[in-house]
Amino acid sequence: MAYAENAPPEVAIEDIVVTANRVESLASKTPTALSVLTSDNLRDQGISDPTRLADAAPSLSVDRVNGNGLQITIRGVTSADVSEKGDPSAAFLSDGVYIARPQAQETSLFDLERVEVLRGPQGTLYGRNTTAGLINAVSARPKPEFQASADITYGNYDTVHASGMINLPVGDSVAVRAAVNYNRRDSYILKGASAPSLNPGKDDLSFRLGAKFDFGESVRLYVKGDYSTMKGNPTTGVALANFYQMPILGPAPGQRGATPVYRSGRSSSEYRTLGYTQGSKATSDNDTWGLMGELEVDLSDSITATYVGSYREFTRDEVQRGYVGRLLFGPFAGQYPLNATFEGDYKQQSHELRFAYNSDRLKAQAGVYYFREESGVDFLLFGTRFFQPGQRGYIYGFSQHPTISKTLGFFGQGTFSVTDTLRLTAGIRHTSDDKSRLGNTINHANLTDPLDYSTGVQPGTTNPGSPATGFQPVRDSLNNASVSYSKVTWKVGVDYDLTPDTLLYGSVSTGYKAGGFNEGCLAGQTNCNLAAPSKDLFYKPETLTSYEIGIKANLSRAVRLSANYFHYDYSNLQLSQIDATYCGGPCLVIKNAGKAKIDGVEMETTLQPTRRNRFSFAAVWMNARYTSYQVAPGVEFKGEKLDRSPTWTASAGYEYTLPIGEGSLVAGVRTRISDSYHLISTGLRGFFRQPSYTKTDLLLTYNSSGDRFYVQGYVKNIEDNITLGSTSLSANFPNFTDGSAFVGDPRTYGLRIGVKF
């Protein structure tokens, strides 16, 4: 039945059940800063992979990094170390299980119950690598009724995205749910003069199978298995010169460099064109699989024990083609190519046992968490030895077998109701981290004949160091290191029901991310040809103290508002740069930046004045700056802003629902506005500035009676604005005119069709 244009909504704006505090609670009653997207939100906003989450959650940025997976930034805090020894500042979880490898995180978001984005340190309940916050993708669990659905999307860039699900009850106590997803598209990078095709940019296939068992009223078990193949062309970067007028020479020692001039007014295609010829096609053939189980046992009416265990493997097999840049002067002027192979095997396991107590006055939980990841990687770089011009060829790389990371944490947190409206929360966690690595840095130079990689000797050569062969001896250098760190993190908080529909809250909490080591070895160690001072080989843990106050209010059945203010004090913030000072080649180096402070205000509101009209708005003001950061001797970046931390960002959306018979037509528009931000270049001792921009999405959806099927047309990023996600430019070779730029998605459009049974 049609309803009047100005009729008030019959139900209040939907509240969502979340597990942000490891127990179920309503989002509006959870005293922490979070954003929640349900499966309907994901569909209606066209969010099919994690990079799109930034369109819907404030203070969040999710970027692709050099074909190396995702870099998550929350409230201006991030980490670019996506290597086997690195840790992110923001964690990515699937059903509460930490996914260690950023390369394994960019799988499609399909058949989900919801996605929770928690902002701020989660050092008590989640612990590991959550100084910035976390993203938790929660799968749809099996239900005791028959369900089935199918969706298919076709769009520009020859995009095909198809998914299907079937849910089956088996008797009264068992249900199973199976889902499949296929996601394929052409590359967003245009090949220009490059002969080999860059397509497909993505070619992923994923499966998930889950089962839920109810053993009486007090024992519940959920098990899940998943498998994904992730193929395609890993070329995701273009020359920095597409975006900036690059200087010919870097800054003099002890001086800051000039900020490169942004090339405004270029078309989307000009920004995204590769601009150099690849000798052959780059390929990626990765896969990941995992098993997890969650067992809940009610030990009494007030005590529940929960065990969550997981085992995962990730295999990485990639061939990348590219070049570093062009040297414009001297006898070695010209293009310097880089071709790389990467083979890696990663195995992780995690176990968590926690006990929850629930009474009228006290809600508490305590537990233990263990995580272990072991990896073996072989990375080889082939090409002209640009870091020592004049040597005509080289093979350079890392062979690490194994790298091991272990975490053991003990935690507890409780909330006591002083009155019916006032609650106090306190939590504590002790975390121990151990990291180790065994391996070598490989360095071969002046190759004139093929090399036998198993022996490091050219075929037919009895003396590999003979000048007649033009081949220097193999220079493998020890690359072993180990570190151990531990830290106690804590949280105290208070929340108060100002009215039954208005929650005030405040907290002080701490966060911690373990330190680690860079490539290289210490002088004096056996076979250490690439010696580094201990201050460069090792970096310290990143720590944080966070202060936050906020409000969540249902001002009426049609208006919901949340707002918060936060202040961060960071010490030993871990930042990355490309360096070759002691690793012998272009490697990612982590250094501690000293200190940083972040102040911010976030606000989100949803208004539904009538059943036909729905508005949403979010705004963020943030002042994220270094208070101590010596990027090079004599060069201080104190007062400069952190990467990806615009002063202002905002988003606004509007939906209009038009009844058509028993169905409806929903027209929606959503725009994201960002102030300018910059990315630090330690090579230039300056910044790459991304100008302010807008990105606007349009969606038109027809929903049939009972939501049995839908048809949706969409356009995302109507403006076709190409934004900078990350850069790569060596600190040692600033006289190269081109580094690499990795960019956001261009304009996309297409048609989706879905059906439910």
Side-chain angles (χ1 to χ4, degrees), residues 18 20 30 32-37 47 50-65 69-82 86-93 98-99 102 105-106 115-137 489 507 509-513 542-548 550 562 564-570 573-576 593 596-604 618-625 641-651 672 674-675 677 679 725-726 744:
V18 299
T30 304
T32 190
L34 62 89
S35 297
V36 188
L37 297 168
I47 298 173
T51 62
R52 299 287 192 180
L53 292 173
D55 298 338
S59 303
L60 173 68
S61 173
V62 185
D63 300 292
R64 300 183 185 92
V65 183
L70 301 181
Q71 182 176 356
I72 302 171
T73 305
I74 301 178
R75 290 177 170 175
V77 180
T78 190
S79 172
D81 189 354
V82 295
D87 293 318
S89 296
F92 186 93
L93 290 79
Y98 174 64
I99 308 298
Q105 294 171 1
E106 198 187 351
V115 175
E116 300 178 8
V117 180
L118 277 60
R119 304 188 292 275
Q122 309 296 318
T124 304
L125 293 179
Y126 290 91
R128 182 175 174 81
N129 305 326
T130 58
T131 52
L134 63 86
I135 297 173
N136 186 20
T489 51
S507 66
S509 59
T510 60
Y512 152 81
K513 187 174 75 169
E542 178 179 287
T543 59
L544 158 71
T545 302
S546 167
Y547 307 85
E548 185 161 340
S562 65
N564 64 78
Y565 163 77
F566 62 91
H567 172 81
Y568 289 171
D569 279 324
Y570 269 98
L573 192 64
Q574 296 170 6
L575 299 178
S576 61
K597 292 183 183 294
I598 305 176
D599 291 279
V601 177
E602 299 168 330
M603 187 273 288
E604 294 180 88
V620 178
W621 172 86
M622 189 163 56
N623 181 18
R625 70 279 187 194
K641 294 179 68 65
L642 273 64
D643 282 7
R644 299 177 186 82
S645 57
T647 302
W648 286 98
T649 56
S651 63
R672 177 183 173 91
S674 175
D675 196 4
Y677 59 85
L679 304 176
S726 61

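Note that the numbering runs from 1 along the sequence shown for the chain.
To the nearest 0.5 angstrom, T51 atom OG1 is 7.5 Å from L70 atom CG. To the nearest 0.5 Å, atom CD1 of residue I135 and atom CG of residue L37 are 10.0 Å apart. Here the CG atom belonging to L134 is positioned 9.0 Å from the CD1 atom belonging to I72, to the nearest 0.5 angstrom. For the atom pair OG of S35 and CG of L60, the computed distance is 8.0 Å after rounding to the nearest 0.5 Å. Interatomic distance, S509 OG to F566 CZ, rounded to the nearest 0.5 Å: 12.0 Å. To the nearest 0.5 Å, the span separating CG on L679 from OG on S726 amounts to 7.5 Å.
No side-chain N or O of N564 forms a donor-acceptor pair with one of S562 less than 3.5 Å apart. Donor-acceptor pairing under 3.5 Å is recorded for the side chains of Q71 and T78.
Residues Y547 and D569 meet the side-chain proximity criterion, which asks for heavy atoms closer than 4.5 Å. Looking at N623 and I598, their side chains never come closer than 4.5 Å, going by heavy atoms from C-beta outward. Looking at heavy atoms from C-beta onward, L53 lies in side-chain contact with I47 at the 4.5 angstrom threshold. Side-chain contact between L118 and Y126 is present, with heavy atoms from C-beta onward closer than 4.5 Å. Put simply, the side chain of H567 does not reach to within 4.5 Å of the side chain of S546, judged on heavy atoms. Two residues are said to be in side-chain contact when any heavy atoms from C-beta on lie closer than 4.5 Å; F92 and P50 meet this criterion.
The minimum heavy-atom distance between G123 and T130, with the atom names listed, is N-OG1, 3.9 Å. Among all heavy-atom pairs drawn from R644 and D63, the shortest one is NE-OD2, 3.2 Å. The minimum heavy-atom distance between L642 and G76, with the atom names listed, is CD2-O, 3.4 Å. For S59 against V620, the heavy-atom pair with the smallest separation is OG-CG1, 3.4 Å. Considering every non-hydrogen atom in both L544 and T131, the closest pair reads CD2-O, 3.2 Å. In terms of heavy-atom proximity, G511 sits nearest to T489 at C-CG2, 4.1 Å.
Classification of the Y570-Y568 ring pair by plane angle, with boundaries at 30° and 60°, yields perpendicular.
Residues passing the salt bridge (charged side-chain N to carboxylate O under 4.0 Å, His left out) test with E602, sequence neighbours excluded: R75, R119. Applying the salt bridge (charged side-chain N to carboxylate O under 4.0 Å, His left out) criterion to R625, with sequence neighbours excluded, gives D599.
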Check the pair R672, D55 against salt bridge (charged side-chain N to carboxylate O under 4.0 Å, His left out), reporting the backbone distance first and the verdict last.
-> CA-CA 7 Å; R672 177 183 173 91; D55 298 338; 5.0 Å; no

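Put simply, the side chain of Q105 gets close to the backbone of I99: a donor and an acceptor are under 3.5 Å apart. Between the Q122 side chain and the G120 main chain, a donor and an acceptor come within less than 3.5 Å of each other.
Ion pairing between a basic and an acidic side chain is recognised when a charged N comes within 4.0 Å of a carboxylate O; K513 and D87 show no such pairing.
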